[in-house]
Enquirer: 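Please read through the structure below; I'll follow up with questions.
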Amino acid sequence: MHLFKKKNWVVPKGQEPTEMDRKILFYQSKGHLVPRRGLILTPGQIDGIRKSGVINTACLDLVAENIKEGMTTNEIDKLAHDFIVKNGAIPACLGYNGYPKSVCVSINEEVCHGIPSDDIVLEEGDIVNVDITTILNGYYSDASRMFIIGKTSPEKEKLVRVAKECLEVGMKAAFPYCFVGDIGNAIQRHAHDNGYTVVRDLCGHGVGLKFHEDPEVEHYGRKGTGMLLVPGMVFTIEPMINMGDWRVFIDEDNGWTVVSDDELPSAQWEHTFVMTDNGLEILTY
Ligand code: MF3
Ligand code: CO
Ligand code: CO
C-alpha cells in the first residue's frame, strides 16, 4: 500500500497549458523528478528574498571587516546577531531545531555547524567558515564565506580557493530546465581535479519561504539526475570540500558540529540563488 502518492504536475482544469507546463509535463513523462507548484515562487516573493539577502550580505561584510586573530567565535555571533536584529530581521539559526546560537562558525577540520563559544579563539592560520541565514518579513536568505586568519599554509589557502571555485562552477553549470545532478557533477569534477573530495551527508536546499525545503542540492552526482530546475525556483548551493576523505562525523559533545573523519581541513562557500530564464542569479551578493 502507498501511504504517499508522488505529486504529479497537473495543469489546472479549464486552463491552457503554459510553455512551462508543457516542458515540466515532458520531463515528468520521461520519469524525471519535477518540482511541485509551491516551489516556483512569484516575482514578489523573490523580491522579498532579495531584500533579506541584502541584510544577510551586509552582515557577512561586517564579519569580514571585523574578524581577526584573538577574537572568540562568540564575538562573531554577537556582532552578527545584533546587526541582523538592528535591521529589523531575525537570525534564522537561533532556536532552529534547538540550535543555540545565531550563526555557525566552523574552523579548519569543522565542516559546518560550528557553535560559537567564548572558549574558541581564532588563531593565525585558521580557515573559518561563517554561515548566516536571515529572515526578513518572513523571507529567508542563506549564505556563507571562508575567512583566512592572518597567514595560512599554501595547502589551506588552495582549499579555500578551490571550494569557492566549486560554488562558481556549480552556478555556471545551471540553466533553466537543467537538473540538480548537472550542478553536483560539475562541482564534483572540479573538486576531484584538485585532489579534494565532496562531503555527501549534507547538501544545498530550497530556501526562501522556509529555511530548508526541496530540492535537495547534492554537490556530487550524475548529469541528468535529481530534480528538474525551472525559472522561479530558489535554492542554495553550498559545497563542503574536504582536503582528505569525504566522510564526516557529528561532534558528540554538542550534537551539531560536523567534522571531517580524518580531521583534515574542510572549506565551504554558500549563496542563495534564483533560477531565471538566463541561468542563476545570486540573491546574496
Ligand atoms: N545555514 C546552514 C545551511 O546552510 C544551516 C544551519 S542550521 C543551524 O543550511 F541550526 F545549524 F544553524
Ligand atoms: Co544552506
Ligand atoms: Co547556510
Side-chain angles (χ1 to χ4, degrees), residues 39 49 52-53 55-61 63-64 73-74 76-81 84-85 89-107 110-117 120 128-136 139-147 163-164 166-167 170-171 174 180 183-184 187 198-219 227 229 233-241 248-259 266-275 280 282-285:
L39 296 184
I49 302 164
S52 168
I55 295 173
N56 204 65
T57 301
C59 191
L60 280 165
D61 288 344
V63 169
T73 55
N74 217 16
I76 296 171
D77 188 77
K78 188 170 170 12
L79 185 70
H81 175 97
I84 291 168
V85 170
I90 300 166
C93 293
L94 188 58
Y96 177 74
N97 291 336
Y99 187 79
K101 293 287 173 175
S102 297
V103 304
C104 298
V105 183
S106 310
I107 305 174
E110 292 174 350
V111 172
C112 62
H113 304 168
I115 302 180
S117 158
I120 303 174
V128 185
N129 175 276
V130 179
D131 192 340
I132 305 181
T133 307
T134 295
I135 314 171
L136 180 70
Y139 295 109
Y140 291 71
S141 59
D142 184 8
S144 80
R145 296 181 200 164
M146 295 298 295
F147 301 99
K164 188 178 191 188
C166 281
L167 176 56
M171 176 188 172
V180 163
I183 297 174
I187 291 171
V198 178
V199 173
R200 301 173 86 99
D201 302 74
L202 298 115
C203 53
H205 49 92
V207 68
L209 308 185
K210 291 204 257 169
F211 198 162
H212 294 106
E213 167 71 277
D214 276 345
E216 271 184 29
V217 181
E218 289 176 334
H219 303 107
M227 191 177 280
L229 297 173
M233 290 174 77
V234 176
F235 55 89
T236 72
I237 307 176
E238 48 182 300
M240 285 145 272
I241 306 300
V248 297
F249 68 94
I250 293 177
D251 182 333
E252 275 180 30
D253 296 335
N254 68 28
W256 274 101
T257 307
V258 179
V259 184
S266 183
Q268 175 182 31
W269 294 77
E270 173 178 28
H271 272 308
T272 296
F273 300 93
V274 58
M275 181 60 81
L280 292 182
I282 304 175
L283 296 177
T284 44
Y285 237 141

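Counting starts at 1 for both ligands and their atoms, following the listed order.
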Enquirer: Please identify which atoms of ligand 1 are closer than 4.0 Å to at least one heavy atom of H113.
Expert: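 The list of qualifying atoms is 5 (C), 6 (C), 11 (F).
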
Enquirer: So, do L283 and V234 sit near enough that their side-chain heavy atoms are less than 4.5 Å apart?
Expert: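 Yes, close enough: below the 4.5 Å cut-off.
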
Enquirer: Who's the nearest protein heavy-atom neighbour of atom 7 (S) of ligand 1, and how far?
Expert: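 Checking every protein heavy atom, the shortest distance to atom 7 (S) of ligand 1 gives Y96 CD2, 3.8 Å.
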
Enquirer: Between the main-chain N or O of F211 and the side-chain N or O of H205, is there a donor-acceptor pair closer than 3.5 Å?
Expert: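 Indeed, once roles are kept as given, a pair shorter than 3.5 Å links the two residues.
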
Enquirer: Contact between ligand 1 and H212 is defined here as a heavy atom of the residue under 4.0 Å from a ligand atom; is it met?
Expert: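 A heavy atom of H212 does come that close to ligand 1.
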
Enquirer: Applying side-chain contact (heavy atoms from CB on, under 4.5 Å) to D142 and D131, what does each step give before you reach the verdict?
Expert: CA-CA 8 Å; D142 184 8; D131 192 340; 3.1 Å; yes

Enquirer: Taking both backbone and side chain into account, is any N, O or S atom of E238 nearer than 2.8 Å to the Co ion (ligand 3)?
Expert: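 So E238 does not count as coordinating the Co ion (ligand 3).
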
Enquirer: For the Co ion (ligand 3), which N, O or S atom of D142 is at the shortest distance?
Expert: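 Nearest N/O/S atom: OD1.
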
Enquirer: W256 versus N254: any side-chain heavy-atom pair under 4.5 Å?
Expert: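 The answer is yes, as the side chains (C-beta and beyond) meet within the 4.5 Å cut-off.
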
Enquirer: What atoms in ligand 1 come closer than 4.0 Å to a heavy atom of E270?
Expert: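 This gives 4 (O) as the contact atoms.
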
Enquirer: Which bit of D142 gets closer than 4.0 Å to ligand 1, counting heavy atoms only: side chain, backbone, both or neither?
Expert: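 Answer for D142: side chain.
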
Enquirer: Would you mind checking which non-hydrogen protein atom is closest to atom 2 (C) of ligand 1, with the distance to 0.1 Å?
Expert: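 I find the closest protein heavy atom is D131 OD2, 3.4 Å.
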
Enquirer: Looking only at N/O atoms, are E238 and ligand 1 under 3.5 Å apart anywhere?
Expert: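 There is such a contact, yes.
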
Enquirer: Decide yes or no for I120 and I107: does some side-chain heavy atom of the first lie under 4.5 Å from some side-chain heavy atom of the second?
Expert: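 Of all side-chain heavy-atom pairs linking I107 with I120, at least one is under 4.5 Å.
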
Enquirer: Using 30° and 60° as the class limits, which term best fits the ring planes of H271 and Y285: parallel, tilted or perpendicular?
Expert: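 Ring orientation of H271 relative to Y285: tilted.
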
Enquirer: Could you tell me if the ring centre of H212 sits under 6.0 Å from that of Y96?
Expert: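 Under 6.0 Å, so yes.
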
Enquirer: Within a strict 4.5 Å, meaning less than it, do heavy atoms of the S106 and Q268 side chains meet?
Expert: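 No. Closest side-chain heavy atoms not under 4.5 Å.
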
Enquirer: Where on C104 is there a heavy atom closer than 4.0 Å to ligand 1, on the side chain, on the backbone, on both, or on neither?
Expert: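 Side chain only.
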
Enquirer: Should you measure from each heavy atom of H205, which atoms of ligand 1 turn up under 4.0 Å away?
Expert: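 Counting from 1, the qualifying ligand atoms are 3 (C), 4 (O), 9 (O).
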
Enquirer: Within less than 2.8 Å of the Co ion (ligand 2), any N, O or S from H212?
Expert: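 Looking at H212, which is the residue asked about, there is no N, O or S atom under 2.8 Å from the Co ion (ligand 2).
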
Enquirer: Could you list the atoms of ligand 1 found under 4.0 angstrom from a heavy atom of W256?
Expert: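 Contacts of ligand 1 toward W256, numbered from 1: 8 (C), 10 (F), 11 (F).
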
Enquirer: Is the distance between the Co ion (ligand 2) and the nearest N/O/S atom of E270 smaller than 2.8 Å?
Expert: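 Yes, within the cut-off.
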
Enquirer: With a cutoff of 4.0 Å, is N97 in contact with ligand 1, counting heavy atoms of the residue only?
Expert: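 No; N97 lies far enough from ligand 1 that no heavy-atom distance drops under 4.0 Å.
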
Enquirer: Does the T272 side chain pair with the main chain of T236, one donor and one acceptor, at a distance under 3.5 Å?
Expert: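 No, because the side chain of T272 does not come within donor-acceptor range (under 3.5 Å) of the backbone of T236.
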
Enquirer: Give a yes or no on this: more than 12 heavy atoms of other residues, nucleotides or ligands lie within 6.0 Å of atom CD of E213.
Expert: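 Count over threshold, so yes.
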
Enquirer: Looking only at protein heavy atoms, which one is nearest to atom 12 (F) of ligand 1, and what is the separation?
Expert: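 Here the closest protein heavy atom is C93 SG, 3.0 Å.
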
Enquirer: Which of the numbered atoms in ligand 1 are below 4.0 angstrom from a heavy atom of T133?
Expert: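 Going through ligand 1 atom by atom, the ones under 4.0 Å from T133 are 1 (N).
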
Enquirer: I'd like to check F147 versus N129 (side-chain heavy atoms, cut-off strictly below 4.5 Å). Are they in contact?
Expert: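 No; the side chains remain at least 4.5 Å from each other.
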
Enquirer: Which bit of K101 gets closer than 4.0 Å to ligand 1, counting heavy atoms only: side chain, backbone, both or neither?
Expert: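 Answer for K101: neither.
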
